2 protein chains.
Amino acid sequence: MEQPIRVTFLGPVASFSHQAAVETFGSSAELVPRLSFADAFAAVQEQRADYAIIPCENSTNGSVVQTLDLLADPNSLYGNLKVCGEHYLAIHHCLLTRKSDLLDQQDFQSIRRLYTHPQAWGQCDNFLEKYFKGVERQDVSSTSKGAEIVSKDATERTAAIASRFAAEHHGLDILAENIEDETNNTTRFLILKNITADRTAASRFEQIKANATPCGTAKKKTLISFMVHQDRTGALADALLIFKTHGMNLTSINSRPSQARAWKYVFLVEGHLTPTSRNAGAVSEILQGLKQVTESCRHLGTWADQLILGSENAAI
Amino acid sequence: MEQPIRVTFLGPVASFSHQAAVETFGSSAELVPRLSFADAFAAVQEQRADYAIIPCENSTNGSVVQTLDLLADPNSLYGNLKVCGEHYLAIHHCLLTRKSDLLDQQDFQSIRRLYTHPQAWGQCDNFLEKYFKGVERQDVSSTSKGAEIVSKDATERTAAIASRFAAEHHGLDILAENIEDETNNTTRFLILKNITADRTAASRFEQIKANATPCGTAKKKTLISFMVHQDRTGALADALLIFKTHGMNLTSINSRPSQARAWKYVFLVEGHLTPTSRNAGAVSEILQGLKQVTESCRHLGTWADQLILGSENAAI
């Protein structure tokens with residue numbers, strides 16, 4: 001029997017990254033948690049994993065800079081990595097306790113202490129203000145860690161704020177669901193693979209994802225990083241014009257310190273294109289054009305657009 | 001006698017922001033710490049302070065997103081605020097202890113516990129690895145808070161990693177200086193004022209800063225925010241081309257979630273221009289041009305460039 005594909009994600013188990021990995025690769029894949037973004041990148045570069053699934057952007061908080069800095073790859077540690085897919089995950093928080101008959105739904109009186117990641121307190125402000133004013137709060141390193149602590153607490157007087165996925169993983173009851181203030185909070189994950197690996201070339205995952213996007217088009221996204229000559233006037237405008245000239249609509253632009261010199265930046269630009277017979281060479285033409293006006297540039301991948309709300313993914 | 005100008009900064013006292021405020025406004029100004037970025041913005045908007053000095057970017061870590069999100073101002077809370085200056089502060093860390101004759105320079109043996117902000121551990125990795133392997137580390141909310149704790153510790157077996165400025169403020173001895181790995185780490189602060197306030201119009205601070213930059217030119221920086229129509233092809237490239245057309249070189253570009261709709265962004269673009277008789281109207285012409293191609297745009301200020309290394313502040 002063929003070995004299952006091995007996917008690495010940002011741990012601990014039952015994290016949002018874990019959930020994204022399950023939703024993308026299904027239960028037959030071997031899912032391996034890593035403790036840091038860099039560990040996950042290294043695992044794919046060194047072929048200890050076939051894929052990594054990494055959060056890159058949240059609809060409320062913006063870009064995940066650790067991911068951008070690894071993609072920018074100033075020391076060429078991850079030269080064989082390319083983005084080959086993406087996944088959108090809706091972020092919902094629940095109030096979780098140990099399975100217990102003592103506690104009715106909505107009966108929060110007996111809960112003496114809450115656990116969650118510091119960011120989640122702020123995301124559930126209204127709910128906490130209404131039902132848990134003055135109740136002790138304990139910061140933990142992840143929402144799923146909080147769920148784990150509560151699952152082992154014999155007092156049954158604690159609760160965690162974490163996902164339904166974490167509740168199922170740690171065997172906890174859901175006392176209240178979707179307790180977040182902003183119901184439209186979504187995280188986008190990128191899927192990375194090693195371009196030199198044979199195993200990923202023909203995998204079922206990419207065949208499925210490549211065929212069609214959820215909105216019925218075959219729209220493709222492309223990610224390119226570049227640095228511009230600092231002494232050239234309008235260098236960034238010139239670089240972005242090349243995308244426009246070749247019909248690629250930009251969907252995001254990020255600048256990060258290059259780590260080469262203070263106040264010198266690397267740009268990560270993402271755009272999309274609906275493939276036709278006339279634009280088949282667009283990505284390589286853009287790269288050719290960028291080579292003329294930039295100090296350096298790199299193609300970081302082209303993959304099928306997965307955003308369901310077609311109109312929300314419009315050009316910038 | 002005239003009332004001193006009142007400047008608000010991100011506290012606690014003896015923070016890097018406090019140091020930036022002292023270096024910019026001198027000791028005659030009344031300096032008032034605030035606990036959050038939003039508090040500092042609100043203090044200036046409501047004229048409870050004449051100026052705010054706010055970190056916006058670090059040469060190693062990149063943009064300070066809280067500052068960008070407040071400048072983007074999606075709910076129009078800070079309509080009277082404009083950037084009127086900037087200040088570059090070199091970030092150096094020191095090892096600090098209570099004044100004590102028992103401890104020689106470089107004699108770190110008796111220190112049993114270290115205090116600092118989580119980010120500073122990573123910035124002093126080499127030093128800590130060499131001299132403090134295995135010594136207990138206590139996270140605190142700021143480097144200056146760590147210095148305060150050590151200043152009150154009677155055991156004299158603790159040390160803090162914080163700035164020379166914090167050592168002076170809390171009366172601590174400096175056991176080792178410049179213990180950071182990256183010696184070129186610099187934070188840029190923006191100075192904000194209320195455009196409707198009379199007191200700041202004629203203040204001495206702006207007269208000095210407006211006259212000349214450290215590199216001897218009169219280069220001016222301008223910050224503009226805008227949102228583009230999402231359904232228009234190449235909208236961002238078109239907007240950036242307007243800056244180029246009017247001779248403004250871009251020095252930074254940031255995109256942040258607009259908070260209006262998921263995956264819709266607000267762009268914060270900064271550029272510079274050396275004023276001449278021919279380009280006196282450039283900023284207003286750029287704004288006129290942007291109004292034609294963007295959904296909304298706002299001039300967030302024009303001020304004298306303070307970057308000493310002229311060549312490092314080149315165009316992008």
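If you're wondering where the values come from, they're calculated on a predicted model, not measured in any experiment. Below, chain A is the first sequence line, B the second, and so on; all start at residue 1.
The distance from atom CG of A:L250 to atom CG of A:L240, rounded to the nearest 0.5 Å, is 5.5 Å. To the nearest 0.5 Å, atom CG of residue B:L307 and atom CH2 of residue A:W263 are 7.5 Å apart.
No side-chain N or O of B:Q306 forms a donor-acceptor pair with one of B:H87 less than 3.5 Å apart. In this structure, a donor-acceptor pair under 3.5 Å is absent between the side chains of B:T116 and B:T143.
Most heavy-atom pairs under 4.5 Å with chain A: of the set B:N254, B:T245, B:T186, B:D69, this distinction falls to B:T186. Chosen from A:M248, A:Q259, A:E57, the residue pairing most often with chain B at heavy-atom distances under 4.5 Å is A:E57.
The aromatic rings of B:F226 and B:F243 sit tilted relative to each other, their planes meeting at an angle between 30° and 60°.
Only the backbone of B:N58 comes within contact range of chain A, judged by heavy atoms closer than 4.5 Å. Interface residue A:N61: only backbone heavy atoms are found under 4.5 Å from chain B. Proximity to chain A is absent for every atom of B:E182, based on heavy atoms less than 4.5 angstrom apart.
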